[in-house]
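Here is the structure we will look at, set down as structure tokens.
Counting begins at 1 with the first residue of the sequence.
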Amino acid sequence: MMDLLQKEHERVWKRLKTGKTIKDVQSTIDLLQEARNTIAADPAKASITLAKLQNPVKASFDVTNDSLKEAHSSLNKYTKALDKLFKDRPLPSTEYDALSSSPALVNRAIAMHLMREGQFSVASTFLNETAQDKTPAQPGYEGSISASDESNLSLLAFDRIRSGEIQEQFTKMYHILHELKENSNPLPAIQWAREHRTMLEARGSNLEFDLCRLRFVWLFHGGDEPQTPMPIRRQAALDYARQEFSNFMPRHLREIQQLMGAMAFSPNLEASPYRHLFNSQTSWSDVAQSFTKEFCSLLGLSADSPLYIAATAGAIALPTLLKLQTIMKAKRTEWTTQDELPVEIPLPSSYLFHSIFVCPVSKEQTTDQNPPMMMPCGHVIAQESLQRISKGNKFKCPYCPNESHPRDAQKVFL
């Protein structure tokens, strides 16, 4: 479909002669300006000048109109091609809108998306407008606050956005990303990683080491002065390694050994086994992406915008839902389930966030109300199955000889 659209676009582009049309219009303007100057200089020649002007102006108008007709015809054909390729279809019914009663969640997602994109002024305007229009179920409306934990968490999250706390954090993140991407300067990111070292290590993150390794490679290549002689560049990298890498010896000894071993090949590094460590084309973008992920994780947020993910997944699912709607209309059936889709929607692997777990005991799929529970032996069953087997007492695992107590089981997040 896109190939056909590209061909139509190229055909229109070739037939359009805007440059020639502009020249024809300009020549008409020049003729009129010249006639005006002649009449202003000698009013007695007005009738003769206008008589001489009639035929050239008419001819110029005819040429301009002809070129515009051709352009208009091409655009009409292009429009018809678009209509043929992209047939107008009605969108699925919104009668069963699961979010219609929760505008606070939608507003929060929009505000957070704007913050993530760095559109702070737009986000501020949006927050001000939502504060002024306090419709039911929105934050700040007296009759909208429910007793559920989800609503309370939503309100607290929205308060964090309005207080400027989130904006301050994202402003810091964009400053660090700018230094990484535009100035090849990892120092602000390294400083941030050191300030949050304990939390990053608890997550098993290698961000701080990756940033220091990038700094080491940057110094080896000469930093801001790539023309620096090799001995000086190598010494600068070695001095930095002695200063920083000692903190990473327990976890990253092998990587550090490879970086140090590469120094012996510095005169001909391109032909060495360590070439990939010093000539990665995506190293800066990769570490910037890793930094964004860790920064958002420490804020309790996902690395990608939920609004963007939801909109993209919805666009992918739309053709399937349209086909489903057509089939249901033909069979005179209705879709009344709000919490789940009636058919499987194929999505890319990167959009599969919640794996499906079927309890091996009850053969039922787990839900938020009946989550998977892992026993001390490592086997996982549904919570209802666990309660039914144990009856609140010590019980034997259905798959191994180990015994445990229900209170020792831990909830599994897939």
Side-chain angles (χ1 to χ4, degrees), residues 98-99 101-102 104-106 108-109 112 116 145-161 166 169 196-207 290 292-310 313 317 337-342 344-345 347-414:
L99 293 176
S101 61
S102 304
L105 297 176
V106 179
R108 185 184 68 180
M112 286 301 302
R116 288 171 176 273
I145 302 178
S146 66
S148 66
D149 293 337
E150 183 177 355
S151 297
N152 292 333
L153 289 174
S154 175
L155 292 170
L156 290 173
F158 219 90
D159 289 340
R160 287 181 65 197
I161 299 174
I166 297 295
Q169 293 294 332
H196 300 84
R197 178 180 295 173
T198 303
M199 290 182 286
L200 290 174
E201 289 181 350
R203 287 175 45 82
S205 172
N206 298 324
L207 178 62
S290 177
T292 303
K293 178 181 178 181
E294 297 297 342
F295 193 99
C296 292
S297 296
L298 294 190
L299 291 178
L301 304 171
S302 60
D304 298 318
S305 167
L307 183 63
Y308 173 81
I309 294 174
T337 306
Q338 295 187 18
D339 296 333
E340 61 183 35
L341 294 172
E344 184 72 20
I345 302 296
L347 293 174
S349 58
S350 59
Y351 278 47
L352 301 179
F353 301 101
H354 304 288
S355 302
I356 296 175
F357 176 77
V358 177
C359 176
V361 175
S362 64
K363 309 301 181 184
E364 296 178 353
Q365 181 178 323
T366 56
T367 62
D368 292 339
Q369 292 73 33
N370 183 27
M373 304 294 293
M374 183 176 68
M375 296 170 285
C377 59
H379 291 105
V380 181
I381 60 176
Q383 186 179 56
E384 292 180 357
S385 299
L386 176 68
Q387 294 172 351
R388 185 167 56 252
I389 294 174
S390 65
K391 297 181 180 180
N393 301 316
K394 195 172 183 179
F395 68 101
K396 175 183 172 297
C397 172
Y399 294 97
C400 70
N402 291 336
E403 294 185 351
S404 60
H405 197 277
R407 63 171 176 266
D408 298 327
Q410 295 183 349
K411 184 177 179 180
V412 177
F413 297 90
L414 300 177

Handout entry: side chain to side chain contact (heavy atoms under 4.5 Å, CB included) evaluation trace for Glu384 with Ser362
Key = CA-CA 9 Å; Glu384 292 180 357; Ser362 64; over 6 Å; no
Exercise for the section: Show the numbers, then the answer: is there a side chain to side chain contact (heavy atoms under 4.5 Å, CB included) between Lys293 and Leu207? Expected result: CA-CA 10 Å; Lys293 178 181 178 181; Leu207 178 62; over 6 Å; no
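When every heavy atom of Gln169 is checked against every heavy atom of Phe295, the shortest pair comes out as O-CZ, 3.2 Å. Of all heavy-atom pairs between Leu200 and Glu294, the closest is CD2-OE1, 3.7 Å. Here the closest heavy-atom approach between residue Pro406 and residue Leu386 is recorded as O-CD2, 4.4 Å. Looking at every heavy atom in both residues, Leu298 comes nearest to Met199 through CD2-CB, 4.0 Å. Met375 and Pro398 get closest at one heavy-atom pair: CE-CD, 4.3 Å.
A donor-acceptor pair is defined here as one N or O able to donate and one able to accept, closer than 3.5 Å; no such pair exists between the side chain of Lys391 and the backbone of Arg388. Of the possible donor and acceptor atoms, one in the side chain of Thr366 sits under 3.5 Å from a partner among the backbone N and O of Phe357.
More than 12 heavy atoms of other residues, nucleotides or ligands lie within 6.0 Å of OH in Tyr399, so this atom counts as buried by the packing criterion. For Gln410, the CD atom is loosely surrounded, since the number of other residues' heavy atoms within 6.0 Å does not exceed 12.
Atom CG in Leu307 sits 11.0 Å away from atom CE in Met112 (nearest 0.5 Å).
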